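Nothing here was measured: the structure is a model prediction, and the numbers come from that model. Note: hydrogens, waters and symmetry copies are ignored here, and every other heavy atom, side chains too, is used. Residue indices begin at 1 and follow the sequence shown. For ligands, and for the atoms within them, numbers begin at 1 and follow the listed sequence.
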Amino acid sequence: MIQITSIADMHAARRSLTGSVGLVPTMGYLHAGHIALATRARAENDHVIATIFVNPTQFGPNEDLAAYPRDLPRDLALLAEAGCDIVFTPTPEAVYPPGFQTYVTVEEVALPLEGARRPGHFRGVATVVAKLFNLARPTRAYFGQKDAQQARVIQTMALDLNFDLEVVVCPTVREPDGLAMSSRNAYLTPEQRRAAPVLHRALTAAQQAWMDGTRDPAQLRQCMLDVLAAEPLAAVEYVSAANAQSLAELHEPAREGVLLSLAVRIGRTRLIDNLVL
Ligand code: PAF
C-alpha cells in the first residue's frame, strides 16, 4: 500500500491505474464498519483507494473538529491488512488552499434531520466527496448505511452532477449489544457506553411495532421515544419516521420504504442511528 499526501501525486497515481477502482472515503480512527467497506471494495474492484481526511468544512463551530479522534499509524496498518492499494491522506491546506471558494450544495434531501441540526454539514460533506470523486475517479464509492442521510445526499449529488460511478451503501456494522460502530463511540465513558445501546433498542422496538402491524408514523416515533425515556443518560435530539428516498417526515401511514432515524446525546457525545422498514 502506498500513502499519498499531495493532490498532484494523487492525480498521477490515478492516471497510472487501469481497470476498476473502489473508493472508501473516511475520516480515520477506523473501526469494523470502515473495514467492511474496504473489504467489500477489495472484493469488487481491481484497485482500492481509501482516504483519511478529517474534513473541517463539515464541522460546525461548536462541534468536535479539534477533538476528533485520530490514530494514523493504526489506520494505515488496518487499511493495508484490508488490501487497500493507495491511501490518500491530504492536509487541510492541500484540500482547501488559500482562495478556495467553490462548494457543492445539495438541496431537499440535505435539509431535514441532520441537516436541520447541523447547518452547513452536508455542504462540507458534498464538497469534499465531490473533490475525492474527481481525484480518485472511482468506479464504485463505498459509504455506510449508518449515515443514511449522508448516503442519500451523496447519491443525489452523484446523479445530479453526472459522476460516472456507483454509490454503494453498505449495512451498518454493530457491536454485539446493537450499538452502531462509530469513531465517536470512543468518547463514551464506561457508564455512557452501557447506556448507548438504547438507540438500537428504540429502533428495534419501532421495527417490532411495524411488524405487528403499526403503520401510523406518529406511533412509530412515540414507540422510539418511550424506549429512550427509560434511559436517564439519553437526551433526545430527534426521532423520525421519514420517506427513505425523499427523507420527508411522514404524517400518513406508509406501506414500505420508511427510514426510522434518531439523534441522541449521551453525555456530550452525539450519536445517530437508523433502520429502514
Ligand atoms: O462519513 C464520513 O466519514 C465522512 O462524512 C466522509 C464521507 C468521509 C466525508 O468527509
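- Salt-bridge annotation for R174 and D273: present, with a side-chain N of the basic residue lying under 4.0 Å from a carboxylate O of the acidic one.
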**Request:** Go through R70 and D75 one step at a time and tell me if the salt bridge (charged side-chain N to carboxylate O under 4.0 Å, His left out) criterion holds.
**Result:** CA-CA 9 Å; R70 291 163 165 88; D75 289 347; over 6 Å; no
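- Within the listing of ligand 1, atoms 9 (C), 10 (O) sit less than 4.0 angstrom from a heavy atom of V128.
- Among all protein heavy atoms, the one lying closest to atom 3 (O) of ligand 1 is M27 CG, 3.6 Å.
- From the protein, the heavy atom lying nearest to atom 5 (O) of ligand 1 is Q150 OE1, 2.7 Å.
- Residue contacts with ligand 1: T26 is placed with no nitrogen or oxygen under 3.5 Å of a nitrogen or oxygen of the ligand (distance criterion only).
- Screening residues 44-53 for side chain to side chain donor-acceptor pair (under 3.5 Å) gives S20-D46, R40-E44, E44-Y142, N45-R140, N45-Y142 as the qualifying pairs, with residues at least two apart or on separate chains.
- The P25 neighbourhood of ligand 1 comprises atoms 8 (C), with distances under 4.0 Å to a heavy atom of that residue.
- The proximity of I154 to ligand 1, defined as any non-hydrogen pair under 4.0 Å, does not occur for either the backbone or the side chain.
- Counting heavy-atom neighbours within 6.0 Å of Q3 CD, excluding the residue itself, gives a total above 12.
- Checking only distances, Q58 does come within under 3.5 Å of ligand 1, N or O to N or O.
- Relative ring orientation between F53 and Y96 is described as tilted, the plane-to-plane angle lying within the 30° to 60° band.
- Other residues, nucleotides and ligands contribute more than 12 heavy atoms inside 6.0 Å of the CD atom of Q208.
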